[in-house]
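Contents: one structure, followed by commentary.
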Amino acid sequence: KAGVTQTPRYLIKTRGQQVTLSCSPISGHRSVSWYQQTPGQGLQFLFEYFSETQRNKGNFPGRFSGRQFSNSRSEMNVSTLELGDSALYLCASSLDPTDQPQHFGDGTRLSIL
Amino acid sequence: GENVEQHPSTLSVQEGDSAVIKCTYSDSASNYFPWYKQELGKRPQLIIDIRSNVGEKKDQRIAVTLNKTAKHFSLHITETQPEDSAVYFCAASKAKLVFGTGTRLLVSP
């Protein structure tokens, strides 16, 4: 069974631009969560989607948004990029929100110049 | 909201020794506690997890204990090997995972 797939793996943007990251969960998994990982702040929860609905949201500004499609694939979008948005963005999937074991993808490393 | 503290931040042991990493959480309603291992440049991998209705769980050289009264849980690795070297993260969850700050474990041959 294929794991969680995130694209692209690397991305370089400049301040003020926007970016869209993609996550395909493990087949059969319907819950997708997004995390930001930085050396200073560690792993921080962004949001969780299940059945195309956002179930939970972390403490990030409204520039960070996401969505989930009917096939459970998810995208997250960051608008008006800031230098501080440079990070590894990780996606994790689980069967559903009550089946907690989450399995991570390799992440998208976003660098803002 | 939930807050998870993890100690120590770095841990150096000799091959064959045991390693213990401790975490405390603030929200008594948290009911799920996973541990992840992240090697350099790789994804976090789930190595063991425990639910609030269980006090201890073992998987070969790895064990996790949970003390709900004290709101702390620990990861125990016995007979450590160099390939155990990585950053380990604990997490606590009621509705969403809140991670600790990580422990860098170095196992020297």
Side-chain angles (χ1 to χ4, degrees), chain A residues 1-7 9-10 21 23-26 29 31-50 53-60 64 66 74 87-109 111, chain B residues 1-10 21-27 29-54 57 59 62 64 66 73 75 86-105:
Chain A
K1 187 183 275 191
V4 177
T5 303
Q6 291 188 246
T7 56
R9 290 293 312 279
Y10 303 92
L21 312 181
C23 172
S24 293
I26 292 171
H29 285 196
S31 178
V32 174
S33 297
W34 288 89
Y35 298 87
Q36 182 194 65
Q37 186 173 29
T38 59
Q41 298 297 318
L43 272 159
Q44 292 191 290
F45 173 78
L46 280 156
F47 25 66
E48 179 191 17
Y49 287 88
F50 175 71
T53 300
Q54 187 181 89
R55 291 188 70 249
N56 278 303
K57 190 177 192 303
N59 297 323
F60 280 82
F64 291 81
S74 177
L88 179 66
Y89 290 88
L90 290 160
C91 165
S93 75
S94 59
L95 282 171
D96 57 51
T98 61
D99 184 42
Q100 288 288 352
Q102 294 187 15
H103 301 276
F104 283 87
D106 288 328
T108 294
R109 184 161 297 282
S111 299
Chain B
E2 175 68 280
N3 183 50
V4 178
E5 295 189 358
Q6 183 172 347
H7 299 281
S9 56
T10 59
I21 302 171
K22 299 181 179 181
C23 290
T24 60
Y25 60 99
S26 60
D27 190 342
S30 289
N31 57 9
Y32 175 68
F33 307 90
W35 287 86
Y36 286 86
K37 173 184 179 183
Q38 187 175 29
E39 297 176 74
L40 190 63
K42 296 191 175 180
R43 68 180 74 182
Q45 286 194 305
L46 178 68
I47 56 172
I48 196 167
D49 56 7
I50 192 168
R51 299 183 189 277
S52 58
N53 59 347
V54 176
K57 184 177 179 180
D59 183 4
I62 293 173
V64 58
L66 171 65
F73 56 114
L75 178 71
V87 178
Y88 292 80
F89 292 95
C90 65
S93 174
K94 180 178 65 175
K96 61 184 183 184
L97 280 180
V98 177
F99 283 86
T101 49
T103 295
R104 185 173 302 276
L105 174 64

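On a predicted model such as this, the values are computed, not experimentally measured, just so you know. Per chain, numbering begins at 1; letters A, B, ... match sequence-line order.
With a 4.5 Å cut-off on non-hydrogen atoms, S93(B) touches chain A through its side chain but not through its backbone. Residue L43(A) touches chain B through both its backbone and its side chain, counting heavy-atom pairs closer than 4.5 Å. With a 4.5 Å cut-off on non-hydrogen atoms, L46(B) touches chain A through its side chain but not through its backbone. Neither the backbone nor the side chain of Q6(B) comes within contact range of chain A; no heavy atoms are under 4.5 Å apart. Looking at N56(A), only its side chain comes within 4.5 Å of chain B, counting heavy atoms on both sides.
Side chain of Q6(A) to backbone of C91(A): a donor-acceptor contact under 3.5 angstrom is found. Between the T103(B) side chain and the P8(B) main chain, a donor and an acceptor come within less than 3.5 Å of each other.
Contacts of residues 29-37 of chain B with chain A at a heavy-atom distance below 4.5 Å involve Y32(B), Y36(B), listed in sequence order.
Atom CG of N53(B) has more than 12 neighbouring heavy atoms from other residues, nucleotides or ligands inside a 6.0 Å radius. Enclosure of atom CZ in R109(A) is not indicated, since only 12 or fewer non-hydrogen atoms of other residues, nucleotides or ligands lie within 6.0 angstrom. Counting non-hydrogen atoms of other residues, nucleotides and ligands closer than 6.0 Å to NZ of K57(A) gives a total above 12.
By the 30° and 60° cut-offs, the orientation of the rings of Y35(A) relative to F45(A) is perpendicular.
By number of non-hydrogen pairs under 4.5 angstrom with chain B, the leading residue of G105(A), G107(A), G3(A) is G105(A).
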